[in-house]
Amino acid sequence: MKNVVITGGCGLIGSSFVKSLSKKNLNIFIADLNQKKAKELIKSIGSKNVFYFNFDVTKDKSIDQTFKKIIAKYKSIDALIHCAYPKSKQLGTPFGRLERKYLNLEFDYHLSSTIILSQKIIKIFSKQKKGNLIFLSSIQGISPPKFEHYFGTNMTSPIEYSALKSGIISITKYLAKLHKKNNIRINCISPGGIIDNQPKKFLKNYLKSTGSKGMLDPEDLNSAISFLLSSSSRYINGQNIVIDDGWSL
Ligand SMILES: NC(=O)c1ccc[n+]([C@@H]2O[C@H](COP(=O)([O-])OP(=O)(O)OC[C@H]3O[C@@H](n4cnc5c(N)ncnc54)[C@H](O)[C@@H]3O)[C@@H](O)[C@H]2O)c1
């Protein structure tokens with residue numbers, strides 16, 4: 001049975017991956033800070049193959065300990081899907097009021113953590129001589145925001161989010177190229193916005209730029225993840241798969 005770690009497995013997107021992949025012949029390891037949500041999620045799924053590890057992607061020790069525990073008991077980690085998204089309290093501060101201290105924190109939480117997490121999991125993949133790493137970027141990482149969608153709402157799309165998400169695509173391509181001879185694949189998906197109680201006005205504006213769906217449900221991403229985990233995608237490496245109902249066209 002293959003072993004799949006899902007960081008941020010309690011979140012909006014991560015929990016959908018956990019639910020969908022728990023129906024397959026896989027061991028799923030939720031690596032997340034939120035113990036309460038993890039317990040509820042595991043209970044609601046009722047699967048014997050879903051496990052929780054209290055995990056903080058911003059702490060090197062926590063990453064090491066989690067991987068060590070999984071390897072000790074389950075021998076290998078076949079894939080890791082990185083959905084954890086640590087946010088600082090200032091997320092959403094308007095561009096004109098952004099401060100260096102806060103920006104450094106955001107870049108550390110998201111990009112430094114992703115690089116260190118990759119370094120540690122790739123060490124394990126290299127020993128195993130195989131591995132599959134999947135990152136989450138966003139449409140905001142491939143294109144500037146459609147600012148007109150936010151008119152008349154108190155929502156915004158922060159500049160640092162665009163920078164972070166472009167960074168994730170760069171990390172994907174850099175690491176995939178570096179490790180392509182080592183039977184390690186590294187890909188990324190870039191979802192469009194996910195429905196999560198946004199104001200009606202925003203949803204209506206957003207729909208103007210897409211096909212029939214508009215904002216997506218988390219479940220709309222599940223088949224892409226199953227595909228990237230499967231051998232059907234064995235020659236797909238270093239790619240960013242955009243799932244956005246045509247938003248970016
Ligand atoms: N929600 C969207 O509309 C959307 C769209 C495109 C891309 N994305 C991307 O998808 C990914 C997941 O987004 P989401 O909406 O599911 O986020 P979310 O906030 O719903 O979930 C994030 C999860 O990460 C966990 N987490 C936070 N800090 C952590 C830490 N330090 N260590 C470990 N776990 C931690 C949280 O407990 C939570 O379970 C992000 O990278 C995000 O940028 C989201």
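Order of appearance sets the numbers: ligands from 1, and atoms from 1 within every ligand.
- Scanning for salt bridge (charged side-chain N to carboxylate O under 4.0 Å, His left out) contacts around E40 gives K36, with sequence neighbours left out.
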Close N/O pairs between ligand 1 and protein, under 3.5 Å:
residue  : atom   : partner : partner atom : Å
ligand 1 : 3 (O)  : I194    : N            : 2.9
ligand 1 : 16 (O) : L12     : N            : 3.3
ligand 1 : 16 (O) : I13     : N            : 2.9
ligand 1 : 19 (O) : K87     : NZ           : 2.7
ligand 1 : 20 (O) : L12     : N            : 2.9
ligand 1 : 24 (O) : Y85     : N            : 3.2
ligand 1 : 31 (N) : D56     : OD1          : 2.8
ligand 1 : 32 (N) : V57     : N            : 2.9
ligand 1 : 37 (O) : D32     : OD1          : 2.6
ligand 1 : 39 (O) : G11     : N            : 3.0
ligand 1 : 39 (O) : D32     : OD1          : 3.4
ligand 1 : 39 (O) : D32     : OD2          : 2.6
ligand 1 : 41 (O) : K165    : NZ           : 2.7
ligand 1 : 43 (O) : Y161    : OH           : 2.6
ligand 1 : 43 (O) : K165    : NZ           : 2.8

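- Aromatic ring pairs are classed by plane angle as parallel below 30°, tilted from 30° to 60° and perpendicular above 60°; the pair F29 and F51 is parallel.
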I would like to know whether S126 and N182 meet side chain to side chain donor-acceptor pair (under 3.5 Å); could you show each step before the answer? CA-CA 7 Å; S126 298; N182 304 335; 4.9 Å; no

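- With sequence neighbours excluded, the residues forming a ring-ring contact (aromatic ring centres under 6.0 Å, His included) with Y161 are Y85, listed by chain and number.
- The side-chain contact (heavy atoms from CB on, under 4.5 Å) check on S162 picks up Q140, P145, with sequence neighbours excluded.
- For the 3.5 Å distance criterion, the side chains of S47 and N49 fail to qualify, holding no donor opposite an acceptor.
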